Chemist: 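Here it is, the structure in full.
Model, not experiment: these values are computed from the prediction.
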Amino acid sequence: MNLSVRLVGFTALAAALATACAPQTSGTSSSAKDDKSGTLRVWLFQEVDNRPKQQVVDAVLAGFEKAHEDTEVSVEYIPVETRAQRIKAAFNDPKSAPDVIEYGNTDTAGYVRDGGLLDVTREFDAWSEAADTDPTARRSVTVDGRVYGAPYFVGVRALYYRTDVFEELGLAVPASRAELISTAKRIRAAKPHLYGLAVGGAYTYGALPFLWADGGELATGEEGSYASALDSPAARKGIKAYTSLFGDDNCPAAKCAGMNGNDTVTAFASGKAAMAIGGDFSHAAVEAGKVRGKYAVVPLPGVKPGSIAPAFAGGNNIGVLKSTSHRTLAVDLMKRLASKKTQGELFDAMGFLPTFTDVRRQAAAKEPFVKPFVDTLAAGTRFVPASPAWAQIDSSLVLPTMFQEIVSGKKDVAAASEDAARKMNDAFGAAG
């Protein structure tokens with residue numbers, strides 16, 4: 001999956017296919033060397049417009065090279081499409097491997113299982129800035145209580161809505177999930193050419209807040225030992241609420257069952273939907289669409305009036321490969337790339353939300369559009385099971401298949417969630 005937040009969840013299948021073609025790792029060994037000079041290699045993800053990111057990174061590297069004599073840094077911006085295969089190959093071939101990489105926060109457990117990431121718990125805990133790291137972001141670099149990187153940026157989703165449509169129809173902004181569903185259907189009834197709320201059967205990270213808002217869980221257990229909870233009463237209640245939005249009275253299943261997150265945001269930006277669940281990273285796309293100047297954003301409402309539904313905390317991390325022969329330098333570079341200063345500059349340049357709570361507050365004060373997303377983060381976000389099995393679960397479309405079976409009428413919520421839970425448990429078992 002493209003581990004830039006803007007595409008998280010949408011390219012997981014492509015990454016999995018790439019991973020499937022990659023050689024199996026044989027257990028990367030830690031280098032005994034800790035050279036204090038030489039060249040460090042860094043792999044970062046290439047963005048759609050990479051120039052702003054590169055300018056921020058270049059400034060970091062200039063400071064790093066000035067602080068460390070006889071040291072150079074070589075950065076390669078790697079395409080997302082080949083990311084999984086290249087990183088797997090690097091784990092197997094330390095001689096060609098980078099020292100530092102950017103990686104997606106849902107990949108942590110799998111990379112640790114493959115023996116590719118360096119345990120930096122000691123250095124992270126001693127880092128003065130780490131105390132202000134958002135707890136969910138810290139969990140995204142943690143496996144079995146050990147830390148394997150530094151959070152780089154985070155992304156969450158909130159509710160985009162058309163202010164012009166709401167004003168025309170005299171509608172109040174939904175304050176609860178029940179109001180969200182009823183408002184969506186009222187809009188569709190009044191304006192049949194619009195989706196009330198654009199939803200997608202393949203939009204896993206837009207659906208999860210419904211499940212979590214009812215107290216449901218993807219899985220129960222601890223790192224290394226999980227069991228699916230999709231078939232629990234609480235999870236089924238949330239699944240039922242989400243799938244109730246697929247139909248002629250809101251978002252017809254024939255058109256919406258196959259939509260993913262990009263599709264729902266595109267529908268909103270192009271004026272075909274009155275509401276959509278989009279990320280902070282969707283802001284630019286909406287601003288470039290037909291609804292510019294005619295929309296606003298609020299946190300996605302939870303079950304209780306005035307509450308905020310828990311959102312998935314997507315994002316990327318910076319890690320050091322276990323095979324590095326420049327441990328001290330690589331860890332220092334990791335911290336510089338993920339520092340408060342750098343994250344603030346990346347927000348200014350790219351719109352990436354900082355993982356430090358204080359830097360995020362500063363960003364919200366600077367750019368009003370960020371506030372609903374910061375409020376969502378402050379209300380508490382959730383994450384996927386910290387298991388290497390998640391990559392298999394995500395790439396094999398376990399959740400989208402479940403949603404699509406329900407909205408197509410092939411299975412009811414109980415049967416579809418039971419089948420999905422079984423598939424999840426098979427994946428957890430295979431991952432050990």
Side-chain angles (χ1 to χ4, degrees), residues 134-137 154-190 195-199 203 205-218 232-245 249-251 261 264-265 268 273-283 286 294-314 353 357-358 360-361 363-365 367-383:
D134 177 88
T136 303
V154 67
V156 293
R157 292 162 178 81
L159 181 68
Y160 286 72
Y161 71 96
R162 289 272 299 274
T163 53
D164 58 336
V165 173
F166 273 64
E167 290 172 5
E168 179 185 344
L169 299 180
L171 299 172
V173 178
S176 68
R177 189 176 69 191
E179 289 182 10
L180 174 67
I181 294 171
S182 64
T183 300
K185 295 182 178 182
R186 284 181 64 185
I187 293 170
R188 177 73 174 179
Y195 302 139
L197 170 64
V199 289
Y203 191 9
Y205 297 110
L208 288 179
F210 288 76
L211 183 150
W212 287 326
D214 266 305
E217 300 283 354
L218 281 169
S232 69
R236 284 174 171 170
K237 192 172 182 180
I239 294 167
K240 183 177 181 180
Y242 184 68
T243 54
S244 73
L245 288 160
D249 58 353
N250 175 57
C251 201
T264 63
V265 171
F268 181 81
M275 294 184 286
I277 300 168
D280 53 281
F281 42 88
S282 305
H283 178 256
V286 175
K294 298 183 291 186
Y295 75 94
V297 185
V298 294
L300 185 68
V303 174
K304 295 182 180 179
S307 67
I308 298 175
F312 167 71
L353 273 180
T357 54
D358 54 341
R360 201 153 59 212
R361 284 193 298 269
E367 294 286 354
F369 83 85
V370 174
K371 187 178 185 304
F373 303 102
V374 173
D375 290 345
T376 298
L377 285 164
T381 53
R382 305 291 287 276
F383 198 59

Chemist: Going from CG on Leu197 to CD1 on Ile277, what distance comes out if it is rounded to the nearest 0.5 angstrom?
Modeler: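 CD1 of Ile277 is found 5.0 Å from CG of Leu197.
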Chemist: I need the Ile239 CD1 to Ser232 OG distance, nearest 0.5 Å.
Modeler: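 Output value for this atom pair is 7.5 Å.
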Chemist: Grab the two heavy atoms, one from Val265 and one from Ser282, that are nearest each other, plus how far apart they are.
Modeler: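 Nearest pair, atom of Val265 first, then Ser282: CG2-OG, 3.7 Å.
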Chemist: Looking only at heavy atoms, which two atoms of Val156 and Ala311 are closest? And how far apart?
Modeler: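 Closest approach of Val156 to Ala311, heavy atoms only: CB-CB, 4.3 Å.
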Chemist: Apply side chain to side chain contact (heavy atoms under 4.5 Å, CB included) to Phe369 and Val297, showing your working.
Modeler: CA-CA 8 Å; Phe369 83 85; Val297 185; over 6 Å; no
Chemist: So Thr381 and Val154, do their side chains get closer than 4.5 Å, heavy atoms only?
Modeler: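 They are not in contact (no side-chain heavy atoms under 4.5 Å apart), so the answer is no.
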Chemist: Side chains of Asp214 and Arg177: does their closest heavy-atom pair fall under 4.5 Å?
Modeler: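 Yes - at least one pair of side-chain heavy atoms lies under 4.5 Å apart.
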Chemist: Side chain of Asp249, backbone of Lys185: donor and acceptor closer than 3.5 Å?
Modeler: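 Not a single qualifying donor-acceptor pair exists.
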Chemist: Any heavy-atom pair between the side chains of Arg157 and Leu300 that's under 4.5 Å?
Modeler: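 Side chain of Leu300 against side chain of Arg157, heavy atoms only: no contact under 4.5 Å found.
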Chemist: Looking at residues at least two apart in the chain, or sitting in another chain, which of them share a side chain to side chain donor-acceptor pair (under 3.5 Å) with Glu367?
Modeler: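 Residues passing side chain to side chain donor-acceptor pair (under 3.5 Å) with Glu367: none at all.
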Chemist: Taking all non-hydrogen atoms of both residues, which atom of Ala184 and which atom of Leu245 are closest, and how far apart?
Modeler: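 Reported closest heavy-atom pair: CB-CD2, 4.3 Å.
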Chemist: Please report the interatomic distance CG(Asp134) to CG(Leu353), rounded to the nearest 0.5 Å.
Modeler: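 Spacing of CG (Asp134) from CG (Leu353) equals 10.5 Å.
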Chemist: Using 30° and 60° as the class boundaries, would you call the ring planes of Phe373 and Tyr160 parallel, tilted or perpendicular?
Modeler: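 Rings of Phe373 and Tyr160: tilted, as their planes differ by 30° to 60°.
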Chemist: Looking at CD1 of Ile181 and OG of Ser176, how far apart are the two atoms once the value is rounded to the nearest 0.5 Å?
Modeler: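 Reported value, rounded in 0.5 Å steps: 8.5 Å.
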Chemist: With side chain to side chain contact (heavy atoms under 4.5 Å, CB included) as the test, would you mind laying out the steps for Leu171 and Arg186 before giving the verdict?
Modeler: CA-CA 9 Å; Leu171 299 172; Arg186 284 181 64 185; 3.4 Å; yes
Chemist: Apply the test side chain to side chain contact (heavy atoms under 4.5 Å, CB included) to residues Phe166 and Thr183: give CA-CA distance (whole Å), side-chain angles for both, the deciding distance (0.1 Å), then the verdict.
Modeler: CA-CA 9 Å; Phe166 273 64; Thr183 300; 3.9 Å; yes
Chemist: State, with a plain yes or no, whether a side-chain heavy atom of Val298 is found less than 4.5 Å away from one of Tyr161.
Modeler: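 In contact.
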Chemist: Side chains of Thr357 and Arg360: does their closest heavy-atom pair fall under 4.5 Å?
Modeler: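 Result yes, sub-4.5 Å side-chain heavy-atom pair found.
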Chemist: With heavy-atom distances below 4.5 Å as the criterion, would you say the side chains of Trp212 and Leu218 are in contact?
Modeler: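 Of all side-chain heavy-atom pairs linking Leu218 with Trp212, at least one is under 4.5 Å.
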Chemist: Does Val199 reach the side chain of Phe210, with side-chain heavy atoms less than 4.5 Å apart?
Modeler: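 Of all side-chain heavy-atom pairs linking Phe210 with Val199, none is under 4.5 Å.
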Chemist: Quick check: closest heavy atoms across Ala364 and Val374, and the distance to 0.1 Å?
Modeler: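 It is CB-CG2, 3.8 Å.
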Chemist: Under 6.0 Å from the NZ atom of Lys294, do we count more than 12 heavy atoms belonging to anything else shown?
Modeler: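 Yes, NZ of Lys294 has more than 12 neighbouring heavy atoms, counting only those of other groups under 6.0 Å.
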Chemist: Nearest 0.5 angstrom please: Leu211 CG to Glu217 CD, how far?
Modeler: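 Atom-to-atom, Leu211:CG and Glu217:CD are 8.0 Å apart.
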Chemist: Shortest non-hydrogen contact from Pro372 to Pro368?
Modeler: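 Smallest interatomic distance, heavy atoms only, reads CD-O, 4.0 Å.
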Chemist: Quick check: does any side chain N or O of Asp280 sit under 3.5 Å from a backbone N or O of Gly155, one acting as donor and the other as acceptor?
Modeler: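 Side chain of Asp280 to backbone of Gly155, a donor-acceptor pair under 3.5 Å: no, none is there.
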Chemist: Provide the closest heavy-atom pair for Ala309 versus Pro301 in the form atom of the first, atom of the second, distance.
Modeler: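 The pair with the smallest heavy-atom distance is CB-O, 3.6 Å.
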Chemist: Report yes if the side chains of Thr376 and Pro299 come closer than 4.5 Å at any heavy-atom pair, otherwise no.
Modeler: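 Yes, their side chains come closer than 4.5 Å.
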